[in-house]
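Here the structure is laid out as structure tokens; the discussion comes afterwards.
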Protein chains: 4
Amino acid sequence: MSTRARRAREKEERRQSILQAAREVFVQQGFHRATMDSVAEQAEVSKGTVYLYFESKETLLAHLLLQGLEALIGYLEEAYAADRSLAADERLRRLGWAYLQFFHREPLYFRFLMAVDRGRFRETVSAAIYQQVLKSSLEGLDWVVQAVEQGVEEGVFVCCDARQAAASLWATLNGVLDLMAHPLRREMVGVETDVLYRTALEIVIQGMRPVS
Amino acid sequence: MSTRARRAREKEERRQSILQAAREVFVQQGFHRATMDSVAEQAEVSKGTVYLYFESKETLLAHLLLQGLEALIGYLEEAYAADRSLAADERLRRLGWAYLQFFHREPLYFRFLMAVDRGRFRETVSAAIYQQVLKSSLEGLDWVVQAVEQGVEEGVFVCCDARQAAASLWATLNGVLDLMAHPLRREMVGVETDVLYRTALEIVIQGMRPVS
Amino acid sequence: MSTRARRAREKEERRQSILQAAREVFVQQGFHRATMDSVAEQAEVSKGTVYLYFESKETLLAHLLLQGLEALIGYLEEAYAADRSLAADERLRRLGWAYLQFFHREPLYFRFLMAVDRGRFRETVSAAIYQQVLKSSLEGLDWVVQAVEQGVEEGVFVCCDARQAAASLWATLNGVLDLMAHPLRREMVGVETDVLYRTALEIVIQGMRPVS
Amino acid sequence: MSTRARRAREKEERRQSILQAAREVFVQQGFHRATMDSVAEQAEVSKGTVYLYFESKETLLAHLLLQGLEALIGYLEEAYAADRSLAADERLRRLGWAYLQFFHREPLYFRFLMAVDRGRFRETVSAAIYQQVLKSSLEGLDWVVQAVEQGVEEGVFVCCDARQAAASLWATLNGVLDLMAHPLRREMVGVETDVLYRTALEIVIQGMRPVS
DNA sequence: CATGAATGAGGATTCATTCAT
DNA sequence: AATGAATGAATCCTCATTCAT
């Protein structure tokens, strides 16, 4: 029994170690340039072993995405839970910062999430896993929706549709991080990513307030 | 002479036709999946001919990007020029709509622009053409900057930095279009792309107004 | 353990078999005309396997050259070692014959050695292997130099510079084999390769003797 | 009539200019690397025009070879004719020097002559032109044969077969020039090409003298 | 005669995946 | 379970040659 348990644990560890190796390789070289040889080498296992744990290169990517989403949700949840009695605008601010933290602390996962459905990801991954990815995304959005709804109830925010407002905020933050992803575009804007991020966040929060 | 002129014209037409074919193929299959064979077939020429006009797959991509940027700038310029005496907020609205029109009318170009510097684009394209791409991007942003500056001068807008505000707007609009690019995410939000686009645009414009 | 040893042996055998196949194909078709497909087919492996063992077509060539040089040096060394107490002229004769034997018994290797640095060989092969090729060549020449020096010491030969004399002899023998490589040129000369080879060898040996 | 003559002359000039262009390109880039585009560009004509004058790349090469041989024969003939009353050994010396001069003054042609029947030349060129190449080679050898025969008649040289002796000399000189073609082999020998050439020439001449 | 646009067969190399051990 | 040797389809690009104008 103990043996069986140890076996299972080792197996899971091996799985995780391959996943981490893939993450590093994919981010360093990009998904297309990365080869399964590199992944195997980085994970210090044979190529055959990689296929023992993941049926294809795309599956590997999918599992990384899932992990990334879980991590992100963790950040948002924590931000939300930290302080139960918070004004709606402050809550949004906290959620925004949490997202920025996720971006800084988990750059590899972030890049994965941004890159979903670019490429043929959708067609190459099993429907089940794809649904899971989307379900998790929705869960992330829900934290924002809740904060907006709270604001509307409190009369701090005015908007026809909380979901739309939340989506706008999310879109804005993504847009900023994507825009600033490129050094030359950063130079074009003239400030650091975090500065623009904060500015955009405040503009959107401000934009949701009732007109004077 | 007439012959020479005709030759030159035909050559340019052929060039354009290859470019269009590549645009279609690249969008349908994605840049990496697309093969030069497909491009040639779509253009109804031989593969050798494609290489007669464009030295590599990456060059083809670069020229498509440039064309896309020119088209976009055309849209913005026109929106700006249409009515010289316009309030700043209305002007931003017009620019935003122009961008949305570009998105709808030139979906292939739009996808290209969004996809720039994903992949190894930067490393594979000549420095000259790369600089040109960035210069054009900057030119596009400038239209928005001008409108914001006008608003600040008129006292309608309050913001520390016109460039940051403009970048925030651009980032938001991009973020929305990117977010809504995927059917299942659209479903998640529950409204059509254009609706969310308008909402987000209004939120940002509103967010730039002075606090009551 | 035994398994591992067998694996290693099989791997080396496979490597050699690919090398032999390449030698045959390169000689039959010439290096440029030969394709990696032909090599793979001749070796009865897939093309991928060839690349598993040799990183490029040029590397394949380089390894063949190295093998050829080793074989040649073997012939010369043996000829020199066979009889330790030999007159200098007889020693040169033996070295010359050994070279002729190499030419007859290892025609494929011989052709490779003659063809070195034609083409872009130098630029396409790693510096390390290139240096090795030259080092081996030098080693071959040294056997001849030693024999000439012995003759000079014994007073049988008169020559300003043993190295020059040795190079002259080598050049002559190469020149003969190259000249006679072509059937129509053989016809032109009117005798068999071996006959002219012997004549030229004797002329050079005779030419190194002191004038009466 | 005059027009027709001019036309013919111009045509021949164009032909020659293409031939020269090809010679330059082939030598600079090597026959295989050289493209017909390069030849056309160097000749400042269109690619079609090149094919108007020469049916294939190989034919171009063959004609260059023929030209080269003609030039070589000119050098030898002149050396022979210069002084009608010359000792046989001095005559061979002169022929040898003439060959060296040809090597230095017409390096492009020389390289061509050395490279004949490497590659698939023989199979790709029409039989007629191939025969012509060989006929010319024979003619060149004949000058040497005559000088040797003269020496034998005069009793200065002893050799069973003048043709073999002549071939040995030619082989030696070719061998030297080929050996010294490579910088690192030159370094190996330690003297300049011309020095070794002269040494080898003298050794062979000496070797043809009767034993004391 | 001259042009140069068009062709398409061909070739080196890569890499995800399989499977015997 | 783990290995790693073997596979071969797929892909970008080249270039000698042709032919309509």
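Naming convention: chains lettered A, B, ... in sequence-line order (proteins, then strands); numbering from 1 in each chain.
Across all strands shown, F/dG4 forms a Watson-Crick or G-U wobble pair with E/dC19, both key distances being under 3.5 Å.
Interatomic distance, B/T59 OG1 to B/Y51 OH, rounded to the nearest 0.5 Å: 9.5 Å. Atom CZ of C/R111 is separated from atom CZ of C/F31 by 13.5 Å, given to the nearest 0.5 angstrom. Atom CD of A/E24 is separated from atom CG of A/L64 by 10.5 Å, given to the nearest 0.5 angstrom.
At a non-hydrogen distance threshold of 4.0 Å, C/K11, C/R14 from residues 11-25 of chain C come into contact with DNA chain F.
B/E41 has its CD atom 15 Å from the C1' atom of E/dT7, to the nearest Å. Per the geometry, CD belonging to D/E10 stands 13 Å off C1' belonging to E/dA2, to the nearest Å. Protein atom CD of B/E44 is 11 Å distant from nucleotide atom P of E/dT7, rounded to whole Å. In this structure, C/F54 places its CZ atom 16 Å from P of E/dT14, rounding to the nearest Å.
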Determine all donor-acceptor pairs shorter than 3.5 Å in which one atom belongs to a side chain in residues 16-23 of chain D; sequence neighbours excluded.
residue: D/Q16; atom: OE1; partner: D/Q67; partner atom: NE2; Å: 2.8
residue: D/Q16; atom: NE2; partner: D/E12; partner atom: OE2; Å: 2.9
residue: D/S17; atom: OG; partner: D/R14; partner atom: O; Å: 3.4
residue: D/Q20; atom: OE1; partner: D/R23; partner atom: NE; Å: 3.3
residue: D/Q20; atom: OE1; partner: D/R23; partner atom: NH2; Å: 3.0
residue: D/R23; atom: NH1; partner: D/Y109; partner atom: OH; Å: 3.4

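No more than 12 heavy atoms of other residues, nucleotides or ligands lie within 6.0 Å of CD in B/E44, so this atom counts as exposed by the packing criterion. The environment of CD in C/E41 is sparse: at most 12 heavy-atom neighbours from other residues, nucleotides or ligands sit within 6.0 Å.
Ring orientation note: the planes of D/H32 and C/H32 are close to parallel, at an angle under 30° on the 30°/60° scale.
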Exercise for review: Could you run through nucleotides 11-16 of chain F and give me one letter per nucleotide, 5' to 3': B if any protein heavy atom sits under 4.0 Å from the base, S if only the sugar-phosphate is that close, - if neither?
Suggested key: SBBBSB
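Although no hydrogens or angles enter the test, the distance criterion places no donor-acceptor pair under 3.5 Å between the side chain of B/T49 and the main chain of B/L52.
Across D/S56 and D/M36, no two heavy atoms sit closer than the pair C-CE, 4.3 Å.
Among the protein residues, D/Y53 comes within range of the sugar-phosphate backbone only, with heavy atoms under 4.0 Å from sugar or phosphate atoms but none that close to a base.
In this model, the phosphate group of F/dG4 is not approached by any side-chain N or O of A/S46 to a distance below 4.0 Å at OP1 or OP2.
The C1' atoms of E/dC1 and F/dT21 are separated by 13 Å, rounded to the nearest whole Å.
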